[in-house]
Amino acid sequence: MTLKIAVIGAGPSGIYVAEGIKKKLPDTMVDFIERLPTPFGLVRFGVAPDHQGTKKVINQYEKFFDQDGIRLIGNVEVGKDISVQDLQEHYDAVVIANGAREDKRLGIPGEDLDGVYGSAAFVSWYNSHPDYKDLSPIPEHAKSAIVIGNGNVAIDVARILVKSAEEMSDSDLADYTRAAIDKASISDVVIAGRRGPAEASFTPPELRELGKLEHALPVIEGAVIPDELPSHIDTSQPAGRIKGKVLDIFRSFTEMERDGKDKTIHLQFLASPTAFLGEEKVEAVQFERMELNEDGKPTGTGELFDIPADLVVSAIGYYSQPLAGVPFDEKLGRYPNEEGLIQDNLYVVGWGKRGPSGTIPTNRPCSFKTSQIIMDQITANPAKQGGQAIDKLLAEKGCKVTTFADWKAIDAAETKTEARQKIASVDEMLAII
């Protein structure tokens, strides 16, 4: 008997859970219900535009979609055009794989001032996400920016703000983003975090990129780079060894010469934001100076200081989005689950399952575990019609459904020039097909 699976979201986690099932049960029918006309989620809208090597994983995903029994049902929003309960009624299993696209908030004064953005919104803007194409976050003639967070997203944002057009020539950065960055000509970007250099969550490949920028010099602020890792970091574990490499890179930054570079990326450690300052638009961020206790945890000293900024991007994490009728933990921003199982024939994978952690490759084993649980728990029900019933329901509602062939047409339109020019308007996408 053939299993019929619906996956909500056509990004990496959803693709990997379907791949895990198809490998063992090749006759399985999988429908990907995607809110946008375009698939690939985080890879298309989360990976930085100058990381084209990372985006090549899309080539593998396209081969997966070319298999029999795999469909894209695009331009369909679950919770609006169709419900989770509709899918549960007609499929043997439903998998939520819609990621996490809402920004965590700091909850400090001034967070709603003009010029203060979350990284989910800001990254989506420079990656041409249709929801954010009209955001216009960079003020004209802005000279300084602060990025709050000590992870790779913070590095991405800072790097994009200081790279020249020449450095971004092989990226898929949108023309409107390029124009906004050029007009502002930001010369100082602060990456601020409450932890110390050894505790930061940067990874070596991304951090090294800051030392290779043509026009910007990385400078360490607020901390001295230790000669060795502190005792609270376990160097016998992979994470500890990675932090050792990170410290090596920080040391290399302290030895770099400016050599005519007219921009600076300030790596500001031991600084916790306490308020955004300004009347209507942000003018500065107030920080509290932190110190580390013997366990490496940051604690406040009571000393406050301000850093001026024309733009602030908060990169402190993301929340998943609740779906009607599905249990959701508002505090943690994810779906309560047991190894991916939410209830009955409803499952979750990716950031909605475990929170916004890990990279694209780390989603694969996580999704494979859930795929095995689905196969262990679900038996094909001949009474469930799967896509046939959903197609009829969507047609009755007059939904303009897009297919993977339609995506190929959009892809062809975007790649007419040497550098991809993403189409950020859903209406323009639909006009193509």
Side-chain angles (χ1 to χ4, degrees), residues 5-21 32-36 39-47 77-80 82-85 87-88 91 93-107 111 118-124 129 131-132 148-154 201 239 314-374 377-378:
I5 310 289
V7 180
I8 303 172
S13 292
I15 291 171
Y16 291 140
V17 75
E19 179 187 354
I21 295 172
F32 288 86
I33 320 296
E34 169 59 51
R35 184 171 68 93
L36 296 173
F40 311 135
L42 181 65
V43 182
R44 181 171 170 87
F45 298 117
V47 175
E77 184 172 356
V78 176
K80 178 183 176 183
I82 198 168
S83 70
V84 174
Q85 293 70 35
L87 298 176
Q88 286 183 277
Y91 290 89
V94 178
V95 184
I96 297 173
N98 58 356
R101 64 175 187 267
E102 297 293 331
D103 281 295
K104 285 185 178 179
R105 292 175 61 87
L106 283 160
E111 197 161 11
S119 58
F122 193 83
V123 169
S124 295
H129 193 294
D131 291 353
Y132 298 94
I148 298 171
N150 271 165
N152 288 342
V153 174
S201 298
S314 176
I316 61 167
Y318 308 122
Y319 279 105
S320 294
Q321 304 75 42
L323 290 168
V326 180
F328 189 77
D329 189 320
E330 294 284 354
K331 184 176 181 180
L332 296 177
R334 55 186 175 86
Y335 300 91
N337 69 92
E338 186 174 340
E339 296 296 329
L341 173 65
I342 297 175
Q343 61 184 24
D344 300 328
N345 63 338
L346 184 62
Y347 300 82
V348 62
V349 292
W351 287 0
K353 171 185 175 182
R354 65 182 190 277
S357 63
T359 60
I360 290 170
T362 58
N363 279 308
R364 198 165 188 260
C366 178
S367 292
F368 274 17
K369 286 182 181 179
T370 301
S371 70
Q372 185 59 56
I373 289 171
I374 292 172
Q377 296 180 348
I378 297 296

Supply the atom-to-atom distance [X] [atom1] to [Y] [atom2], rounded to the nearest 0.5 angstrom.
X: Ile15; Y: Phe32; atom1: CD1; atom2: CZ; answer: 5.5 Å
X: Glu77; Y: Ile33; atom1: CD; atom2: CD1; answer: 12.5 Å
X: Asp131; Y: Arg35; atom1: CG; atom2: CZ; answer: 4.0 Å
X: Ile8; Y: Glu34; atom1: CD1; atom2: CD; answer: 11.0 Å
X: Ser320; Y: Tyr335; atom1: OG; atom2: OH; answer: 6.0 Å
X: Asn363; Y: Thr370; atom1: CG; atom2: OG1; answer: 10.5 Å

**Message:** Pair Ser119, Tyr318 - check side chain to side chain contact (heavy atoms under 4.5 Å, CB included), show working.
**Reply:** CA-CA 9 Å; Ser119 58; Tyr318 308 122; 3.2 Å; yes

Minimum heavy-atom distance between [X] and [Y], given as atom pair plus value:
X: Pro327; Y: Pro336; answer: O-CD, 3.5 Å
X: Ala154; Y: Gly149; answer: CB-O, 3.4 Å
X: Ile378; Y: Ala93; answer: CG1-CB, 4.1 Å
X: Pro322; Y: Glu330; answer: CG-OE2, 4.3 Å
X: Pro12; Y: Val43; answer: CG-CG2, 3.6 Å
X: Gln321; Y: Phe328; answer: C-CE1, 4.1 Å

**Asked** Parallel, tilted or perpendicular for His129 and Phe45, by the 30°/60° rule?
**Response** tilted

**Message:** Among Gln377, Lys353, Glu339, which residue satisfies the side chain to side chain donor-acceptor pair (under 3.5 Å) criterion with Tyr347?
**Reply:** Gln377

**Main-chain N/O of Lys331 paired with Asp329 side-chain donor or acceptor, under 3.5 Å** = yes

Going by heavy atoms in the side chains, are [X] and [Y] under 4.5 Å from each other?
X: Asp103; Y: Ser314; value: no
X: Ile5; Y: Val17; value: no
X: Arg364; Y: Glu19; value: yes
X: Leu323; Y: Asn98; value: yes
X: Ser124; Y: Arg101; value: no

**Asked** Side chains of Tyr16 and Ser371: donor-acceptor distance under 3.5 Å anywhere?
**Response** no

**Message:** Taking salt bridge (Lys or Arg N to Asp or Glu O under 4.0 Å) as the definition, give me every residue that meets it alongside Glu111, ordered by chain and number, with sequence neighbours left out.
**Reply:** Arg105

**Message:** Taking side-chain contact (heavy atoms from CB on, under 4.5 Å) as the criterion, tell me which of Val348, Leu87, Ile374 meets it with Val94.
**Reply:** Leu87

